[in-house]
K.L.:
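One structure follows; several queries about it will come next.
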Amino acid sequence: MSLPETLITGGAGFLGSHLCDRLLEEGHRVCCMDNFITGSHANVSHLIDHPNFRLIERDITRYIQVDQPLGYILHFACPASPSDYLKYPIQTLKAGALGTHNALGLAKSKGARFLLASTSEVYGDPLVHPQSETYRGNVDPTGCRGVYDESKRFAEAMTMAYHRYHAVDTRIVRIFNTFGPRMRLDDGRVLPTFMRQAILGEPITVHGAGDQTRSFQYIDDTVEGIYRLLVSEITEPVNIGNPDEISILEVTREIIALTGSTSEIVFEPMPADSPKMRQPDIALAQSLLDWEPSISRKEGLRRTIDHVRKHMDRLRDNVR
Ligand code: UDP
């Protein structure tokens, strides 16, 4: 019988593709599954010839069958940027509900360990600051962002039900804002949008007065935290995020300075339902996983800006 594989749903997305890289480095045989509504072939094209990698195009909200034995399933498939999940509200709900159910059913039948990519969005627009895993959140189920928030809350409930009722070996990671190479420049998220605007000298579109806060973690730290949780024995949800909180206006100024941009800042209306603040309490990850972020926001921004510039140069060269 062949060695068990690790299945990564959403493996061609931003987080998923970095996890494919890391698990291959750790010696896993990786099966990457994606339906490519928000993921891209470019994110995994460097892996296509890797002997331990295979790519399957499939929608996990339909029944999924994998013939090989599976040791791990990492369930990352879901539109994850606000503009994506507002564009694909039903698919987003289905990825969290039907997709999670299918992935858990597969984990149960294969005896695989299952890791759910959950999110700081389960805390909604938080009334407690910073957010620890014990906070139950402030989510409006019928608000615009409810499609994402509630699908992830349901996914967590489903994961715990499979854990308690079917004894599936499960992990839940609550991921806070993550950035880095391979984010789509048009995914609408704040950092790639501002970087693109700053590099092109276009106006930088700050929502509201820019006094809302976020805490941004660099992708390598996120991947390290997820990997440590995967190989741990912790079945309760764990926050993985960088507690270094900053207002959107301040991060705009950092990006302008780092790119040497001449862009002006323009203020636009705040999108409905957008959380006013977000900062992870990472005491649990520090004590149980001996994990904390090691890459500063400035260093992460420098690396990502470098990547964005190269990507934009390539796009320009292809157009010429
Ligand atoms: N934002 C902004 N301008 C943009 C895009 C986003 O000011 O062009 C703000 C957005 O309103 C929010 C924050 O940046 O307050 C982070 O937004 P993002 O879409 O990156 O993700 P979120 O953390 O809200 O899920």
Side-chain angles (χ1 to χ4, degrees), residues 13-15 38 76 78-89 92 95-96 117-126 129-131 137-140 143-153 173-219 222 239-256 259 261 263-280 297 300-301 304-305 308:
F14 164 52
L15 289 175
T38 58
F76 277 70
C78 190
S81 88
S83 65
D84 284 342
Y85 56 73
L86 296 177
K87 189 163 152 203
Y88 302 110
T92 301
S118 186
T119 170
S120 56
E121 301 289 327
V122 298
Y123 302 124
D125 190 4
H129 199 67
Q131 296 79 52
N138 178 37
V139 172
D140 176 0
C144 304
R145 294 172 73 112
V147 295
Y148 186 67
D149 306 1
E150 294 296 359
S151 84
K152 290 293 187 183
R153 289 170 70 94
V173 57
R174 291 186 180 152
I175 304 166
F176 283 67
N177 291 67
T178 296
F179 72 102
R182 297 188 200 152
M183 287 186 97
R184 283 190 0 251
L185 295 187
D186 63 349
D187 84 353
R189 271 189 280 205
V190 67
L191 296 185
T193 303
F194 285 4
M195 288 176 191
R196 179 176 43 84
Q197 292 168 334
I199 291 169
L200 293 174
E202 291 175 355
I204 299 190
T205 50
V206 169
H207 296 161
D211 54 359
Q212 69 275 33
T213 68
R214 292 294 184 270
S215 304
F216 297 102
Q217 65 181 332
Y218 188 65
I219 180 70
T222 313
N239 287 342
I240 292 292
N242 187 331
D244 189 5
E245 183 184 14
I246 187 170
S247 76
I248 294 303
L249 194 55
E250 278 174 84
V251 83
T252 312
R253 296 202 179 105
E254 283 188 358
I255 291 173
I256 289 178
T259 50
S261 175
S263 289
E264 54 165 347
I265 297 174
V266 293
F267 295 91
E268 295 190 336
M270 192 71 153
D273 253 9
S274 189
K276 282 177 273 312
M277 55 192 168
R278 219 187 268 131
Q279 184 187 33
R297 181 181 57 252
L301 288 175
T304 311
I305 288 167
V308 169

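In what follows, residues are counted from 1 in the order of the sequence shown. Please read all numbers here as calculations on a predicted model, not as lab measurements. Both counts, for ligands and for their atoms, begin at 1 and track the order of listing.
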K.L.:
Using side chain to side chain donor-acceptor pair (under 3.5 Å) as the criterion, point out the one residue from Arg214, Arg278, His129 that pairs with Glu245.
P.N.:
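The residue from Arg214, Arg278, His129 that satisfies side chain to side chain donor-acceptor pair (under 3.5 Å) with Glu245 turns out to be His129.
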K.L.:
Counting distance only, does the side-chain N/O of Ser81 pair as donor-acceptor with the main-chain N or O of Asp187 below 3.5 Å?
P.N.:
yes
K.L.:
Judged by modelled atom types alone, do Thr213 and Gln279 share a side-chain donor-acceptor pair under 3.5 Å?
P.N.:
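There is no such pair (donor and acceptor under 3.5 Å, judged by atom type) between the side chains of Thr213 and Gln279.
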K.L.:
What residues form a side chain to side chain contact (heavy atoms under 4.5 Å, CB included) with Asn138, not counting sequence neighbours?
P.N.:
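Asn138 satisfies side chain to side chain contact (heavy atoms under 4.5 Å, CB included) with Asp125, Leu127, Tyr135 once adjacent residues are dropped.
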K.L.:
Just say parallel, tilted or perpendicular for the rings of Phe176 and Tyr123, cut-offs at 30° and 60°.
P.N.:
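Judged by the thresholds at 30° and 60°, the geometry between Phe176 and Tyr123 is tilted.
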K.L.:
Below 4.0 Å from any atom of ligand 1, which residues have a heavy atom? Give them in chain and number order, please.
P.N.:
Pro82, Glu121, Arg145, Asn177, Gly188, Arg189, Val190, Thr193, Phe194, Thr205, Val206, His207, Gln212, Arg214, Ile248, Pro271, Ser274, Arg278
K.L.:
Whether the Thr178 and Gln217 side chains hold a donor-acceptor pair (N or O, under 3.5 Å, no angle test) is what I'd like checked.
P.N.:
yes
